[in-house]
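Accompanying notes for the structure given below.
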Amino acid sequence: MQKLSLSQSLQQKLSPQQIQFIKLLQIPTVELDARIEEELEINPALEEGADEEQESKEDDSFDD
């Protein structure tokens with residue numbers, strides 16, 4: 001007599017970006033700030049986002 005069986009499994013794989021994001025979430029705030037500053041100095045293509053927000057606020061004040 002033949003025996004039939006059925007099994008089901010679920011696997012989740014993280015992408016490299018997800019792994020990097022998880023590692024960044026685990027870094028203490030002070031170290032994260034230092035790492036961001038270091039990346040900004042190393043990579044000239046990066047800019048701080050706070051400057052963009054300030055510029056947009058200044059542009060809005062001229063419209064008034």
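Here, residue 1 is the first one in the sequence, and each next residue gets the next number.
- For the atom pair Glu31 CD and Arg35 CZ, the distance stands at 9.5 Å (nearest 0.5 Å).
- In the hydrophobic clustering, Leu32 connects to Leu24, Ile27, Ile36, Leu40, Leu46, either directly or through intervening members, whenever side-chain heavy atoms lie under 4.5 Å apart.
- At most 12 heavy atoms of other shown residues, nucleotides or ligands fall within 6.0 angstrom of atom CD in Gln17.
- If you chain together ILVMFWY residues whose side-chain heavy atoms come under 4.5 Å of each other, Met1 ends up in a group of its own.
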Might you work through the side-chain contact (heavy atoms from CB on, under 4.5 Å) test for Gln18 and Lys23, ending with a clear yes or no? CA-CA 9 Å; Gln18 290 172 319; Lys23 289 179 181 178; over 6 Å; no
